[in-house]
Structures are given as C-alpha cells and as structure tokens.
Colleague: 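Would you mind keeping the following structure in view while I ask a few things?
When a residue number appears, it is its place in the shown sequence, counting from 1.
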Amino acid sequence: MAGIVSYGAYIPIYRLSQETLSQVWGSSLGRGERAIINSDEDSITMAVEAVIDCLNGIDRQSVDGLYFASTTSPFREKQCASIVAAAADLRKEINTADFANSLRAGTNAINAGIDAIKAGSANKVIVAASDCRLPPPNSSSESTFGDGAATVLLGDSDVAVNIEASSTRTSEFVDSWRTENDIYPRTWEDRFVFERGYERLFPPIISGLLKKCGLTPKDFNKAVFYGPDARRHRAMGRTLGFDAKTQVQDPMFGSLGNTGAAFALMMLVAALEKAKPGDRILFANYTDGVDAYVLRVTEQIEKIKDRRGIEKHLASKMIAPNYGKYLRNRNMLEWEASLFHERRTALTIIDRESDAIYALHGYKCRQCGGIQYPKQRVCMYCQAKDDFDDIRLSDKKGILFTYSMDERAAEIDLPKVLSVINLEGGGRFYTSLTDRDTAKIKVEMPVELTFRKLYDALGIHNYFWKARPVRCQEGG
C-alpha cells in the first residue's frame, strides 16, 4: 500500500510578535507570534531545508521524483522543483514538477505522487510544499500569515503512514486570489467566504469519506485539517464532531501562523512527530476544493523520529527586533538608491559549475584524501594532478575558524559576516554567516550549511550555500 515513508519540515528562525504589530498600529492583537523569512530566504530555500530534513538517513539516489508546491514561486516562468532537486543533490534522471496557484497545491502534489507510484512510474516521490505569502500591512492577514515548508516522501515500501482511503472534490468557489499584477492576496467579504465556502464545502467531503470507510470521529486519534484562522478552525472541529482537546491537531496560529500551501502539511508533520503505531489520522486540506485522507500509522514511524520537523524548529527562534527589520527583509518599501554598482550574474558559470553551486560538491584527492572547494586541477595538499572524486559538502557541519564583519557591504541584513569554516572530515569553506546574533558569534562555535538566496541580478535569483549557527541541537 502506498503511503508516507518519511517527513520533514522547516521554519525560519525569525518570529514577528503580535506585541510588535500592536505597537506599530496602535491596536491590541493579543499575544503570540508568527514565523517570518530572513532576507536571504524564499519558498525555494525553505523547500530545500525541508527536503534535506525529510531525507535524513535515506539514500537520495532512491528518489524518483520531486514535486514543488507553492503560491509564492520566485519565478513566473522557470521550474522551481528542478532547483530544489539540484540543491538536494538528487539524481538528474527524476521527474520534477511545480504545483501552484492554490493553497491546496501541496495535497494536489500528493495525489499526483501517489498516482505515479501506483502506476509504476516511480517508487519514491518527494512532495515539498513551501510558502511565504506577503500580507498587506495593518490587515488581519498580517497577524495571521506565517512562512514555512513541509515535505513528505511517498513510496510503497518501508511505509510509516498508510493512506487507507482518500476523497477529492474540486470547486470553482472564489474566496482568496491574487492576479498577475497583485502583490498581496485578495479576499471577498468574510461571511460570504466562510459560510458559502469553507463551512458549506468542507464538512460533506469529510463525512462522506468517513461513511465510505465505515468510520466515525471516535475512530481517529487525530484530526489534521486546514483552517483559515483559529476561530474558524475551532468551529470546524466542532462541526466535524472531533474533541478539541484530545483529537484536533493544534494549528499553531500563535507560534507559526498560516503558512499557505504548506500549512496543512506542516500540521500533519507536527501530528506525526507525536504519533504512535496504530494511530488513525484524518488529514484534510481546503481551497479550490477539498482533499481528504484516512491515514494509519505503522511501526515504521519509530524509525523516523529523528527529524528536526516542527517541534524543534519552533523551539529554535529569534524575535525580530522591530517592525523595520520585517519590512526590510520582505522589501516592502521603496528604499534609498544604492551607491553600489549594479550586480551581475553569469548563467554560463552557473551552468558549468552547477554541481558545485547547487549541490555544493567539493573534491577529495584520491592520493592523500584531502578535501577542497572549489575545484582545482592540482591538490593543494599533495600536489597530485587531476585525481579527484566528487564529495557532497552541504550536509557537513563545521566550526567557525575566523570571521570579519562589514558594515558597509551591499547587503540587506548588515553587518555582512564573512566567515571561514573548517568542515568536519576535512576541507575549508569560505562563505557568509546568516541567521546569527552578532553579539554571540565566536571563534570555534559549531556551524552548519544552509541553502540561501545571495542576490537578484538581471532578473535572476542567485542561490548558494551560507553558514549559520547550528539549529535544533540534541536536547532542544
């Protein structure tokens, strides 16, 4: 039976608190916070993080397909799944596809992945849902929208969560939308949107699926389902007949926010982190229709509990110091013209050095075992010539050997911290340090590598690997 083999997630380190928004707009929004991307993050970089988390301990060469789901693709005409696959160092001979234009894109991709496995065209397909929607300032969405990513690896062997049954319905109902020229999502009047949409379309699909399977709400350990906000989510739980305290999965509105196309999958990952063999889970997603599933957890779940997932990422955070940092990171204002020259990019170099740039392949000398980056014809240790093997460096941790800070760099998040990293197992890597508190940087602190956006130039998003202080260490 096809199902979920593994899962993963990613949440940016920064949080925007409700207290900060209340101070800016002179209103009372209560307590809580939502996750927000750093200036060098987008839906692609978050998807890469979640994919790598999902594939922890799994042979990356066994993956036959990668589907990327998002409403905030950095490109309007360029496949993002291919970039995510390259950064995750997957095989070139896999199927990649983008799913977009709906908050249900993640479960649309799951349906396509299951169909591919059942048809025999793939054994394992990874679905990466990632979103960083931009809310209008001083709107209800600003205190609700969050950023994040979640992934599930689908397959028909070593299954941790069986998909016992599913049901899908499409709907042309318009509740939220964004046109080609819109910066912010639009929505219609609240009562119409929820009474004629969510509250009318969602329950019949769930009750129909349960009736088909001969189940009742009491047969489920957890109910994981999409809700636009906390109030509507609670009301839907009551409508469906689930106990709010014991059965309904926490939607994390006060700690994460509504993460769009990734939201339902992130709630599912949070539920699977606590799931036990034999648990039955109702999983459902909504917008432009409904996708609903009956899931059953197997003994295999115990073998994939070492993911960073949701819980560890939520615990690893920094509060944005002010609203200005949030505006700057999201480029939401017209800023003073830069004194620096326009940046350049070269697609010829990206093409020629694709493995070194995206997958961060270094080179290991066959003669002495020395590791170096970037590629050189002569080994810097033993001077052997043209005698190297490729080695992936992106999943190696290291320690900070030395660093410097540049307060005048052409960067959004100043100061730019230039770092020299000694990698575990050998090799030295020069890069920037991100997700850092400059007051806490010190030589020999543990660091890890993270796929980030460097800058935009000539209309091209340029990505590469940076370093950051190690997140989600054992015990916290």
Colleague: How close do Ser6 and Cys54 get, counting heavy atoms only, and between which atoms?
Modeller: OG-O, 2.7 Å

Colleague: Does Ser121 use its side chain to pair, donor to acceptor, with the backbone of Ala116 at less than 3.5 Å?
Modeller: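 It does hold such a pair.
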
Colleague: Please check if the number of heavy atoms outside Gln383 that lie under 6.0 Å from its CD is greater than 12.
Modeller: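 Atom CD in Gln383 is packed in, count exceeds 12.
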
Colleague: Taking the six-membered ring for Trp, are Phe253 and Phe263 closer than 6.0 Å centroid to centroid?
Modeller: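 Yes, they do, as the ring centres are separated by less than 6.0 Å.
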
Colleague: Could you check Asp64 against Arg91 for salt bridge (charged side-chain N to carboxylate O under 4.0 Å, His left out), going step by step and ending with a plain yes or no?
Modeller: CA-CA 8 Å; Asp64 303 309; Arg91 291 183 294 116; 2.8 Å; yes

Colleague: Taking atom types as modelled and ignoring hydrogens, do the side chains of Asp53 and His313 form a donor-acceptor contact shorter than 3.5 angstrom?
Modeller: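 Note: Asp53 and His313 side chains miss the donor-acceptor criterion.
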
Colleague: Let me confirm one number: the CG-CD1 distance from Leu55 to Ile52, rounded to the nearest 0.5 Å.
Modeller: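 Taking CG in Leu55 and CD1 in Ile52, the distance rounds to 8.0 Å.
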
Colleague: If you measure from NE2 on His461 to NZ on Lys78, what distance do you get to the nearest 0.5 Å?
Modeller: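 The distance works out to 11.0 Å.
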
Colleague: Is a donor from one side chain sitting under 3.5 angstrom from an acceptor on the other, for Asn111 and Tyr293?
Modeller: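 Per modelled atom types, Asn111 and Tyr293 side chains form a pair under 3.5 Å.
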
Colleague: Kindly give the heavy-atom pair with the smallest separation between Phe451 and Glu49, and that separation in Å.
Modeller: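 Smallest interatomic distance, heavy atoms only, reads N-OE2, 4.5 Å.
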
Colleague: So does Glu407 get a backbone contact from the side chain of Lys416, meaning a donor-acceptor N/O pair under 3.5 Å?
Modeller: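 No; judged by distance alone, with no hydrogens or angles, the pair does not exist.
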
Colleague: Do Ile37 and Asn329 have side chains that get closer than 4.5 Å, going by heavy atoms?
Modeller: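 Ile37 vs Asn329: side chains apart.
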
Colleague: State whether the number of non-hydrogen atoms from other residues, nucleotides or ligands found under 6.0 Å of Lys453 atom NZ is greater than 12.
Modeller: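 It does: Lys453 NZ has more than 12 such atoms within range.
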
Colleague: If you measure from CZ on Arg330 to CD1 on Ile36, what distance do you get to the nearest 0.5 Å?
Modeller: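 The distance works out to 8.0 Å.
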
Colleague: Roughly how far apart are Asp147 CG and Cys132 SG, rounded to 0.5 Å?
Modeller: 5.5 Å

Colleague: Check whether any side-chain heavy atom of Tyr184 lies under 4.5 Å from a side-chain heavy atom of Arg133, and answer yes or no.
Modeller: no

Colleague: Can you tell me how far the CD atom of Glu448 sits from the CG atom of Leu423, to the nearest 0.5 Å?
Modeller: 12.0 Å

Colleague: Is it the case that the side chains of Tyr358 and Asp89 hold a donor-acceptor pair, with the cut-off being a distance below 3.5 Å and no angle test?
Modeller: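 Looking only at side-chain atoms, Tyr358 and Asp89 do not form any donor-acceptor pair under 3.5 Å.
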
Colleague: Ala149 and Ala50: which non-hydrogen atoms are nearest, and at how many Å?
Modeller: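 Nearest pair, atom of Ala149 first, then Ala50: CB-CB, 4.0 Å.
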
Colleague: Considering only heavy atoms from C-beta outward, does the side chain of Arg104 approach that of Tyr286 to under 4.5 Å?
Modeller: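 Contact flag for Arg104/Tyr286 side chains = no.
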
Colleague: Taking the side chain from Arg76 and the backbone from Glu180, do they hold a donor-acceptor pair closer than 3.5 Å?
Modeller: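 Judged by distance alone, yes, a pair lies under 3.5 Å.
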
Colleague: Classify the side-chain pair Asp131/Thr72 by whether it contains a donor and acceptor separated by less than 3.5 Å.
Modeller: yes

Colleague: Can we say Asp413 and Arg436 salt-bridge, meaning some charged N sits less than 4.0 Å from an Asp/Glu carboxylate O?
Modeller: yes

Colleague: Is there a side-chain contact between Pro136 and Glu142, using heavy atoms and a 4.5 Å cut-off?
Modeller: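 No - every pair of side-chain heavy atoms lies 4.5 Å or more apart.
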
Colleague: Between Glu424 (side chain) and Lys397 (backbone), is there a donor-acceptor pair under 3.5 Å?
Modeller: yes

Colleague: Any side-chain donor paired with an acceptor under 3.5 Å for Arg296 and Asn162?
Modeller: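 No, Asn162 and Arg296 have no side-chain donor paired with an acceptor closer than 3.5 Å.
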
Colleague: Show, in sequence, the C-alpha distance, side-chain angles and deciding distance for Leu268 and Met266, and conclude whether the side chain to side chain contact (heavy atoms under 4.5 Å, CB included) test is met.
Modeller: CA-CA 5 Å; Leu268 177 61; Met266 295 186 80; over 6 Å; no

Colleague: Does the side chain of Val447 come within less than 4.5 Å of Ile399's, by heavy atoms?
Modeller: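 In short, these two side chains do not touch, never coming nearer than 4.5 Å.
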
Colleague: Side chain to side chain contact (heavy atoms under 4.5 Å, CB included) between Lys317 and Ser255: does it pass, once the steps are laid out?
Modeller: CA-CA 10 Å; Lys317 64 182 180 179; Ser255 57; over 6 Å; no

Colleague: If we count only N and O atoms by modelled type, under 3.5 Å, do the side chains of Glu33 and Tyr14 hold a donor and an acceptor together?
Modeller: no

Colleague: Taking atom types as modelled, is there a side-chain donor on Ser141 or Thr144 under 3.5 Å from an acceptor on the other?
Modeller: no

Colleague: Sub-3.5 Å donor-acceptor pair from the side chain of Lys442 to the main-chain atoms of Leu400, do we have one?
Modeller: no

Colleague: Determine the minimum heavy-atom distance between Val161 and Ile301, stating which atoms define it.
Modeller: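 Closest approach of Val161 to Ile301: CG2-CD1, 4.2 Å.
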
Colleague: Can we say Asp355 and Lys92 salt-bridge, meaning some charged N sits less than 4.0 Å from an Asp/Glu carboxylate O?
Modeller: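 Lys92 and Asp355: salt-bridged.
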
Colleague: Do Thr179 and Asp182 get their side chains close enough for a donor-acceptor pair, meaning under 3.5 Å?
Modeller: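 Yes, because at least one side-chain N or O of Thr179 sits under 3.5 Å from a partner of the opposite role on Asp182.
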
Colleague: Would a distance-only check, ignoring hydrogens and angles, find a side-chain to backbone donor-acceptor pair under 3.5 Å from Asn322 to Lys325?
Modeller: yes

Colleague: Assess, by modelled atom type and distance only, whether the side chains of Asp158 and Gln300 contain a donor and an acceptor separated by less than 3.5 Å.
Modeller: no

Colleague: Could you check whether Asp435 and Asn38, counting side-chain N and O atoms only, form a donor-acceptor pair closer than 3.5 Å?
Modeller: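 Present: a donor and an acceptor within the cut-off.
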
Colleague: Under the criterion side-chain hydrogen bond (donor to acceptor under 3.5 Å, both in side chains), which of Thr431, Asp40, Thr450 is the partner of Lys466?
Modeller: Asp40

Colleague: Between Phe283 and Phe225, does the ring centre distance come in under 6.0 Å?
Modeller: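 Ring-ring flag for Phe283/Phe225: false, centres at least 6.0 Å apart.
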
Colleague: Does the side chain of Arg452 come within less than 4.5 Å of Thr434's, by heavy atoms?
Modeller: yes

Colleague: Counting only heavy atoms from other residues, nucleotides and ligands, does the tally under 6.0 Å from NZ of Lys118 exceed 12?
Modeller: no

Colleague: So Asn123 and Ile117, side chain to side chain contact (heavy atoms under 4.5 Å, CB included) or not? Walk me through it.
Modeller: CA-CA 6 Å; Asn123 292 318; Ile117 292 167; over 6 Å; no

Colleague: Is a salt bridge present between Glu311 and Lys274, judged by a nitrogen-to-oxygen distance below 4.0 Å?
Modeller: yes

Colleague: Is a donor on one side and an acceptor on the other found under 3.5 Å between the side chain of Tyr381 and the backbone of Ile371?
Modeller: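 Yes, Tyr381 side chain to Ile371 backbone: donor-acceptor pair under 3.5 Å.
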
Colleague: Does Thr96 offer a backbone N or O that forms a donor-acceptor pair with the side chain of Gln79 under 3.5 Å?
Modeller: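 Pair found, side chain donor or acceptor close to backbone of Thr96.
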
Colleague: For the CZ atom of Arg15 and the CE atom of Met318, what is their distance to the nearest 0.5 Å?
Modeller: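 One gets 10.0 Å once the value is rounded to the nearest 0.5 Å.
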
Colleague: Got a donor-acceptor contact below 3.5 angstrom from the Arg428 side chain to the Val420 backbone?
Modeller: no

Colleague: Spell out, as yes or no, whether a donor-acceptor pair under 3.5 Å connects the side chain of Asp98 to the backbone of Ala81.
Modeller: yes

Colleague: Taking all non-hydrogen atoms of both residues, which atom of Cys80 and which atom of Pro74 are closest, and how far apart?
Modeller: SG-CD, 3.7 Å

Colleague: Are Tyr363 and Tyr373 an aromatic pair, judged by ring center distance below 6.0 Å?
Modeller: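 Not close enough - the centres of the two rings lie 6.0 Å or further apart.
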
Colleague: List the steps and the verdict of side-chain hydrogen bond (donor to acceptor under 3.5 Å, both in side chains) for Ser70 and Ser73.
Modeller: CA-CA 6 Å; Ser70 179; Ser73 168; over 6 Å; no

Colleague: Report yes if some heavy atom in the side chain of Cys379 is under 4.5 Å from a heavy atom in the side chain of Lys364; otherwise report no.
Modeller: no

Colleague: Can Arg178 and Asn101 be said to form a side chain to side chain contact (heavy atoms under 4.5 Å, CB included), step by step?
Modeller: CA-CA 9 Å; Arg178 183 159 52 91; Asn101 300 338; over 6 Å; no

Colleague: Can you see whether Asp42 engages Tyr463 through a side-chain donor-acceptor pair at a distance of less than 3.5 angstrom?
Modeller: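 The answer is yes; a qualifying pair exists.
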
Colleague: So which atom in Phe401 and which in Asn422 form the shortest heavy-atom distance, rounded to 0.1 Å?
Modeller: CD1-ND2, 3.5 Å

Colleague: Below 4.5 Å, heavy atoms only, C-beta onward: do Ser130 and Phe68 meet side chain to side chain?
Modeller: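 The answer is yes; the side chains approach within 4.5 Å.
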
